[in-house]
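As a basis for the values below, the full set of heavy atoms in this structure was taken, side chains included, without hydrogen atoms, waters or symmetry mates. In listed order, ligands and their atoms are each counted from 1.
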Amino acid sequence: MIRWKRCAMNDQAHLELENVSYAYGEGKDRLQILSNANLVVGKAEMVALVAPSGAGKSTLLHLCGLLERPRHGEIRISGLATGALSDRVRTLMRRSAVGFVYQFHHLLPEFSALENVAIPQMIAGSSLGAARKRARELLEMLGVGARASHRPAELSGGEQQRVAIARAAANFPKIILADEPTGNLDPQTSTMVFEALLGLVREHQSSALIATHDHDLARRADRVLTLRDAGLVAIEL
Ligand code: ADP
Ligand code: MG
């Protein structure tokens, strides 16, 4: 059991990076992605991350989602320092506190939209009935309630992404991490998907970090950051 309410550095933030450094490789092959990077994402705040391909956006999201460990520095989720935690506890934390949305939906092809949203809840301990109820509510909220019984292959790209967002939000994550979630969609559908994501972030008071190439969408976020010289810096688009 993870107790969230303690040692909070910043009660207004679910996601904090403090002096985080990360590199791939060693010696002449070393590729420095982050060097003493700092970031605080507040509750109900959406931060857009706009940087060229290869800059390290996905790596940063993986660090925030506890899929990688920083070489130096600390990542806190709801005030809880994650660096010293075991892999097992980090996995539990990831399941309960982090929602990921990817460019390609990664839905399970043999299951319906409803089941795709229910399954992570059941893995986290919900009953079938409660998981299905919440899945239906989320799909309704995202405007794809009528598609609940369809498999991913029977859905449009925008519908697939909204189901993927519902799945990411299913366990009331403290942080939502989205890696170019609209990279595969036309502009109109992108706007709809982005607004759906923003609505969830506001409703659940999550802290969200969204990597995107789309400047129009990034401007809809509360703040825009880029990766420069292995640091996170604010930019105006
Ligand atoms: P972005 O998401 O901004 O396109 P990535 O975080 O995927 O960037 O990658 C940042 C840099 O790190 C790229 O130059 C990429 O080639 C490199 N990289 C990514 N994963 C690895 C890895 N496992 N080993 C070595 N280099 C990697
Ligand atoms: Mg990437």
**Q.** 4.0 Å heavy-atom contact, Ala51 with ligand 1
**A.** no

(Q) With heavy-atom distances below 4.5 Å as the criterion, would you say the side chains of Asn38 and Glu18 are in contact? (A) yes

Q: Write out the residue and atom name of the closest protein heavy atom to atom 9 (O) of ligand 1, then the distance separating them to 0.1 Å.
A: Thr59 OG1, 3.9 Å

Q. Within less than 4.0 angstrom of ligand 1, does Pro52 place any heavy atom?
A. yes

Q. Less than 4.0 Å between atom 11 (C) of ligand 1 and some protein heavy atom, yes or no?
A. yes

Q: For atom 7 (O) of ligand 1, find the nearest protein heavy atom and state the residue, atom name and distance (0.1 Å precision).
A: Ser58 CB, 3.7 Å

Q: Could you check atom 17 (C) of ligand 1 against the protein and tell me its nearest heavy-atom contact, residue, atom and distance included?
A: Leu31 CD2, 3.7 Å

Q. Short list, please: which atoms of ligand 1 are under 4.0 Å from a heavy atom of Ser53?
A. 4 (O)

Q.
Only heavy atoms of Lys57, strictly under 4.0 Å: list the atoms of ligand 1 that pass.
A. 1 (P), 2 (O), 3 (O), 4 (O), 6 (O), 8 (O)

Q.
Under 4.0 Å from a heavy atom of Ile33: which atoms of ligand 1 are those, numbered in the order shown and with their elements?
A. 10 (C), 11 (C), 12 (O)

Q: Drop me the distance from Ser78's OG to Glu16's CD, to the nearest 0.5 angstrom.
A: 9.0 Å

Q | Numbered atoms and elements of ligand 1 in range of Gly56, under 4.0 angstrom, heavy atoms | A | 1 (P), 3 (O), 5 (P), 6 (O), 8 (O), 10 (C)

Q: Run the contact test for Gly54 against ligand 1 with a 4.0 Å cut-off on heavy atoms, strictly below, and give the result.
A: yes

Q: Please work out whether the ring planes of Phe100 and Tyr102 are parallel, tilted or perpendicular, with thresholds of 30° and 60°.
A: parallel

(Q) A side-chain contact here means heavy atoms from C-beta on lying under 4.5 Å apart; do Leu198 and Glu195 qualify? (A) yes

Q: Please work out whether any backbone atom (N, CA, C, O) or any side-chain heavy atom from C-beta onward of Leu60 is under 4.0 Å from ligand 1, and answer side chain, backbone, both or neither.
A: neither

**Q.** Nearest protein heavy atom with distance in Å, relative to atom 23 (N) of ligand 1
**A.** Tyr24 CE2, 3.6 Å

(Q) Under a 4.0 Å threshold between the charged nitrogen and the carboxylate oxygen, would Arg94 count as salt-bridged to Asp87? (A) no

Q: Please check if atom CZ in Arg88 has more than 12 non-hydrogen atoms from other residues, nucleotides or ligands closer than 6.0 Å.
A: no

Q) So Glu140 and Arg136, salt bridge (charged side-chain N to carboxylate O under 4.0 Å, His left out) or not? Walk me through it. A) CA-CA 6 Å; Glu140 292 287 345; Arg136 195 165 288 287; 5.2 Å; no

Q) Is Thr59 close enough that one of its N/O/S atoms sits under 2.8 Å from the Mg ion (ligand 2)? A) no

Q) So does Asp214 pair up with Arg220, basic N to acidic O under 4.0 Å? A) no

Q. More than 12 foreign heavy atoms under 6.0 Å from CD of Gln188: is that the case here?
A. no

